[in-house]
Amino acid sequence: QVQLVESGGGLVQPGGSLRLSCVASGSIFSIAVMGWYRQATGKERELVAEINSGGGPNYADSVKGRFTISRDNAKNTVYLQMNSAKPEDTAVYYCNARGLVTSIGYLGMDHWGKGTLVTVSS
């Protein structure tokens with residue numbers, strides 16, 4: 001059974017930094033794409049950033065130049081470094097993984113973590 005567990009959320013002041021981590025577990029051999037989505041109160045879930053196994057990132061326009069996504073394939077872990085945080089970054093951040101090769105075969109569907117809350121406020 002594949003599980004994604006996020007950590008690193010919390011309260012950060014405007015202009016501050018925060019680093020989110022997400023570990024995928026469950027007899028995983030490889031993961032094609034890992035990423036971060038967020039959902040603010042009253043809004044739909046949206047892509048923040050994603051990265052493929054080769055390291056190619058994709059960012060939402062709203063976070064380009066401020067957030068950096070990275071991954072450690074050996075640890076099945078993805079990170080999100082959040083710099084120059086803004087109040088509009090406040091949301092629950094969800095880890096996503098898709099295209100998993102596991103001991104039971106290929107799993108193409110999306111897998112989600114339970115989310116970690118990030119609050120940007122003074």
Sequence neighbours excluded - disulfide (SG to SG under 2.5 Å) pairs with any residue from residues 33-62: none
Approximate separation, where rounding is to 0.5 Å, of I51 CD1 and Y79 OH: 11.5 Å
Distance in Å, E88 CD paired with K43 NZ, rounded so as to fall on 0.5 Å steps: 8.5 Å
Residue pairs passing the disulfide (SG to SG under 2.5 Å) test where at least one lies in residues 41-122, sequence neighbours excluded: C22-C95
Shortest non-hydrogen contact from A91 toward A40: CB-N, 3.8 Å
Non-neighbouring partners of N73 that pass side-chain hydrogen bond (donor to acceptor under 3.5 Å, both in side chains), sequence neighbours left out: R71
Exercise: identify the closest heavy-atom pair between V2 and G26: CG2-O, 4.4 Å
Gap between atom CE of M34 and atom NE2 of H111 - 0.5 Å precision: 11.0 Å
Rounded distance [0.5 Å steps], CG in N96 versus CG in D110: 4.5 Å
Test log, rule side chain to side chain contact (heavy atoms under 4.5 Å, CB included), inputs V23 and N76: CA-CA 6 Å; V23 179; N76 291 325; 5.6 Å; no
Closest heavy-atom pair and its distance - V48, V63: O-CG2, 3.5 Å
Nearest atoms (heavy-atom pairs only) where E6 meets Y94: OE2-CA, 3.5 Å
Non-hydrogen atoms of W36 and S21 that approach each other most closely: CH2-O, 3.5 Å
Pairing residues for K64 by the salt bridge (Lys or Arg N to Asp or Glu O under 4.0 Å) criterion, not counting sequence neighbours: D61
Residues forming a ring pair (Phe, Tyr, Trp, His ring centres under 6.0 Å) with Y37, sequence neighbours excluded: W112
Residues that K75 engages under side-chain contact (heavy atoms from CB on, under 4.5 Å), provided they are two or more places apart: D72, T77
Inter- and intrachain pairs under salt bridge (Lys or Arg N to Asp or Glu O under 4.0 Å), touching residues 97-109, at least two apart: E50-R98
Test side chain to side chain contact (heavy atoms under 4.5 Å, CB included) applied to V78 and S70, step by step: CA-CA 6 Å; V78 63; S70 60; over 6 Å; no
Stepwise side chain to side chain contact (heavy atoms under 4.5 Å, CB included) test for L47 and N58: CA-CA 9 Å; L47 173 69; N58 178 39; 3.7 Å; yes
L20 side chain reached by V118 side chain, heavy atoms, under 4.5 Å: yes
N52: side-chain hydrogen bond (donor to acceptor under 3.5 Å, both in side chains) partners, not counting sequence neighbours: none
Candidate pair T116 and V92, rule side chain to side chain contact (heavy atoms under 4.5 Å, CB included), full reasoning: CA-CA 5 Å; T116 185; V92 177; over 6 Å; no
Disulfide (SG to SG under 2.5 Å) partners of residues 28-94, not counting sequence neighbours, each pair once: none
Shared-cluster residues of Y106, by chain and number - hydrophobic side chains joined below 4.5 Å: F29, V101
Residues which pass salt bridge (Lys or Arg N to Asp or Glu O under 4.0 Å) with R66, listed by chain and number, not counting sequence neighbours: D89
Distance-minimising heavy-atom pair for A49 and L80: CB-CD1, 4.3 Å
Rounded distance [0.5 Å steps], CD in Q1 versus OG in S25: 8.5 Å
Rounded distance [0.5 Å steps], CG in L117 versus OG1 in T90: 8.0 Å
Hydrophobic cluster membership, I28 vs M109, 4.5 Å side-chain cutoff: yes
Contacts of Q81 that satisfy side-chain contact (heavy atoms from CB on, under 4.5 Å) - sequence neighbours left out: S17, R19, T68, N83
Flag side-chain contact, heavy atom, 4.5 Å: Y93 against Q39: no
